[in-house]
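Only a predicted model underlies this, so the values are computations on that prediction, with no experimental measurement involved.
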Amino acid sequence: MKKNSQIFQDSNNTYYPEDELQVSNVVQELYKKNQPMEIIGTGSKNFIGNRIQSAQKLSLSKVSGIIEYLPEELYIKVKANTSLETVEKELEKNSQELAFEPIDFGFIENGKSNKGTIAGHLACNFAGSRRFKVGSIRDHILGFRGVNGKGDIIKSGGTVVKNVTGYDLSKLVTGSFGTLVALTEITLKVLPKKKLSNTITIYTDDKELVKDLFEKISGSSSEVSGAVYIPEEPKDENYDQNKEMVFKFNDLKYKGSFLALRIEGDKISIEEKLKALTVELELSNLNTIILDVHQSIPFWKKINNLEIFKQTKNNLLRVVVPPSKGPKLTQFLGNKYKYYIDWCGSLYWIEVQSKKNSKVSDIKKLTMELGGYLTIIKTSDKYDYEETIFTVDDTRLLISEKIKKSFDPKRIFNPGKMYRGI
């Protein structure tokens with residue numbers, strides 16, 4: 001049923017639709033006028049991607065709220081602009097969680113938490129440390145509703161974990177940075193929250209040992225749910241020396257580079273996993289410390305909040321490479337860059353000095369040679385934009401162009417956000 005209420009538009013040409021139908025009406029109107037728009041939520045991730053040049057903005061701030069939550073069915077359905085905090089608080093009541101560990105980008109931008117909205121996380125598809133065990137955000141999206149670039153209301157997926165009917169557009173839309181669909185509703189898979197967690201820290205600066213440990217952890221049957229390596233910071237005044245402060249825990253008595261791995265479950269299962277890992281990783285021969293649950297939980301929050309790069313003024317890169325190729329990237333980085341490795345050797349967060357933009361090109365070139373991809377998450381004020389924000393080869397660019405055309409033929413949504421000219 002069509003609403004008669006007028007859609008509020010402020011003096012900055014920002015539309016504020018209150019529901020899906022009003023979103024559709026706005027898009028139809030702008031489609032007819034050939035006017036592009038920027039889709040905005042709370043702005044927690046606006047700094048990622050190319051700057052958008054458009055006179056019109058579509059704010060989804062009023063399309064918010066939990067629609068349906070069935071803990072026993074392991075799913076929650078929400079309106080797109082529902083805050084992540086709201087969802088997490090609701091899931092906590094039933095000891096459930098979003099297993100992909102959403103990243104809080106507020107710390108690198110403003111020095112404090114700003115988790116943003118569910119739609120914002122789906123648009124970026126940036127998962128946290130548990131990614132190498134449970135999959136990315138797109139693996140936890142059961143379905144969505146939204147509006148395409150012509151103003152048509154579309155939907156994909158459903159509310160069950162196993163849904164095999166039709167083509168799953170959720171996989172396509174996740175990670176598209178608002179360039180394909182104006183999301184209005186999202187259904188997420190949720191999982192039971194683990195009762196306890198312990199973290200084993202292994203102090204070493206031997207990169208060959210780190211490589212071997214990552215390989216053993218990856219093949220372990222002990223269900224390690226997080227594996228990260230944090231090297232010493234370079235002795236360079238252009239990088240904040242905050243590692244010791246960020247990871248200041250009572251039981252972390254040593255200084256220097258360390259590898260940390262997380263095990264979760266109840267008390268008995270954690271004890272069994274500890275015994276198994278002690279043998280598998282030969283921990284008795286290494287310099288180790290175990291963080292209990294009271295230190296383990298905040299430790300991984302700091303990892304997933306990227307707090308070590310808090311309010312950086314430099315460029316921040318997100319690089320994903322096959323784990324087997326990681327050592328070559330580690331060797332290249334040496335002690336010249338501030339970085340750490342997540343996802344058991346596959347994900348690199350790398351800070352590059354603002355005065356050395358050319359180094360971004362060097363890292364991107366090596367990343368592509370290693371069969372990986374790079375995203376410039378945050379650019380310094382001095383960044384010259386010679387390099388594209390998102391790594392893409394000619395084949396992927398052509399595919400992206402065709403997908404964009406099928407969803408948004410007139411390039412109404414976030415034009416140029418990911419790739420220039422698309």
Side-chain angles (χ1 to χ4, degrees), residues 69 71-72 74-76 84-85 87-104 113 115 127-137 139-140 161 188-203 213-214 216-230 246-254 258-284 286-308 340-344 347:
Y69 172 37
E72 66 279 6
L74 299 177
Y75 80 83
I76 186 167
L84 179 66
E85 257 183 289
V87 172
E88 288 180 331
K89 284 178 182 177
E90 191 65 24
L91 298 181
E92 185 67 40
K93 295 175 184 177
N94 291 281
S95 297
Q96 293 183 338
E97 65 181 353
L98 299 172
F100 55 81
E101 289 186 298
I103 294 177
D104 188 341
S113 178
K115 295 182 178 180
S129 297
R130 210 180 274 119
R131 159 71 172 85
F132 78 103
K133 279 296 178 185
V134 303
S136 65
I137 294 179
D139 298 307
H140 295 256
V161 175
L188 294 148
K189 175 171 68 177
V190 300
L191 291 173
K193 200 170 188 177
K194 301 295 185 183
K195 292 181 180 178
L196 301 169
S197 81
N198 278 185
T199 296
I200 304 169
T201 57
I202 303 168
Y203 281 82
L213 287 170
F214 275 150
K216 289 178 180 178
I217 291 167
S218 182
S220 173
S221 59
S222 297
E223 297 179 348
V224 174
S225 64
V228 61
Y229 179 64
I230 304 175
V246 170
F247 298 106
K248 191 175 183 180
F249 293 95
N250 291 337
D251 289 339
L252 288 183
K253 300 170 185 174
Y254 306 115
F258 64 88
L259 184 149
L261 58 137
R262 175 178 57 190
I263 46 179
E264 298 177 294
D266 57 31
K267 187 177 180 181
I268 294 174
S269 70
I270 285 179
E271 287 175 355
E272 291 300 317
K273 290 171 185 177
L274 274 173
K275 288 177 185 176
L277 287 167
T278 299
V279 175
E280 289 176 42
L281 307 182
E282 300 178 41
L283 296 181
S284 56
L286 303 172
N287 187 9
T288 63
I289 288 174
I290 297 176
L291 299 179
D292 64 16
V293 64
H294 302 294
Q295 297 173 81
S296 179
I297 291 174
F299 174 89
W300 290 96
K301 280 186 178 178
K302 287 175 179 291
I303 292 291
N304 287 309
N305 291 345
L306 305 171
E307 288 187 40
I308 201 167
Y340 73 83
I341 311 171
D342 205 342
W343 293 4
C344 204
L347 171 64

Could you work out, with ring-ring contact (aromatic ring centres under 6.0 Å, His included) as the rule, every residue matching [X], not counting sequence neighbours?
{"X": "Tyr254", "answer": "Tyr203"}
{"X": "Phe299", "answer": "Phe247"}
{"X": "Tyr229", "answer": "none"}

From [X] atom [atom1] to [Y] atom [atom2], the distance as rounded to the nearest 0.5 Å:
{"X": "Ser222", "Y": "Ile270", "atom1": "OG", "atom2": "CD1", "result": "12.0 Å"}
{"X": "Leu74", "Y": "His140", "atom1": "CG", "atom2": "NE2", "result": "12.0 Å"}
{"X": "Ile217", "Y": "Leu259", "atom1": "CD1", "atom2": "CG", "result": "5.0 Å"}
{"X": "Ile230", "Y": "Phe258", "atom1": "CD1", "atom2": "CZ", "result": "4.0 Å"}
{"X": "Ile263", "Y": "Leu274", "atom1": "CD1", "atom2": "CG", "result": "3.5 Å"}
{"X": "Phe132", "Y": "Cys344", "atom1": "CZ", "atom2": "SG", "result": "4.5 Å"}

Nearest heavy-atom neighbours spanning [X] and [Y]:
{"X": "Lys216", "Y": "Leu281", "answer": "CB-CD2, 3.6 Å"}
{"X": "Leu277", "Y": "Ile200", "answer": "CD1-CD1, 4.2 Å"}
{"X": "Tyr75", "Y": "Val190", "answer": "N-CG2, 3.7 Å"}
{"X": "Asp104", "Y": "Ser113", "answer": "OD2-OG, 2.5 Å"}

Does a side-chain heavy-atom distance below 4.5 Å link [X] with [Y]?
{"X": "Leu98", "Y": "Leu84", "answer": "yes"}
{"X": "Leu91", "Y": "Tyr69", "answer": "yes"}
{"X": "Ile202", "Y": "Leu283", "answer": "yes"}
{"X": "Ser129", "Y": "Trp300", "answer": "yes"}
{"X": "Asp139", "Y": "Val134", "answer": "no"}

With side-chain contact (heavy atoms from CB on, under 4.5 Å) as the criterion, how do Leu252 and Leu291 come out once you've worked through the C-alpha distance, each side chain's angles and the decisive distance to 0.1 Å?
CA-CA 8 Å; Leu252 288 183; Leu291 299 179; 4.0 Å; yes

Any donor-acceptor N/O pair, Trp343 side chain to Gly128 backbone, under 3.5 Å
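A pair under 3.5 Å: yes.
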
Measure from the side-chain N and O atoms of Asn94 to the backbone N and O of Gln96, and report whether any donor-acceptor pair falls under 3.5 Å.
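Not at all, since once roles are kept as given, no pair shorter than 3.5 Å links the two residues.
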
Among residues at least two apart in sequence or on other chains, which ones pass side chain to side chain donor-acceptor pair (under 3.5 Å) with [X]?
{"X": "Lys248", "answer": "none"}
{"X": "Ser218", "answer": "none"}
{"X": "Glu88", "answer": "Lys115"}
{"X": "Glu101", "answer": "Arg262, Asn304"}

Full working for side-chain contact (heavy atoms from CB on, under 4.5 Å) between Leu196 and Asp266
CA-CA 6 Å; Leu196 301 169; Asp266 57 31; 5.6 Å; no

Mind checking what makes salt bridge (Lys or Arg N to Asp or Glu O under 4.0 Å) contact with [X], not counting sequence neighbours?
{"X": "Lys301", "answer": "none"}
{"X": "Glu280", "answer": "none"}
{"X": "Lys194", "answer": "none"}
{"X": "Lys193", "answer": "Glu92"}

Identify which one of Thr199, Asp251, Asn250, Asn198 satisfies the side chain to side chain donor-acceptor pair (under 3.5 Å) criterion when paired with Gln295.
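With Gln295 as partner, Thr199, Asp251, Asn250, Asn198 yield a single side chain to side chain donor-acceptor pair (under 3.5 Å), made by Asp251.
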
Pick one: which of Lys273, Lys195, Arg130 meets side chain to side chain donor-acceptor pair (under 3.5 Å) with Glu264?
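The single option meeting the side chain to side chain donor-acceptor pair (under 3.5 Å) with Glu264 is Arg130.
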
Which residues pass the side-chain contact (heavy atoms from CB on, under 4.5 Å) test with Pro298, not counting sequence neighbours?
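Here the qualifying residues are Phe249.
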
Please check if the number of heavy atoms outside Glu223 that lie under 6.0 Å from its CD is greater than 12.
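Counting neighbours around CD of Glu223, 12 or fewer heavy atoms of other residues, nucleotides or ligands fall under 6.0 Å, so no.
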
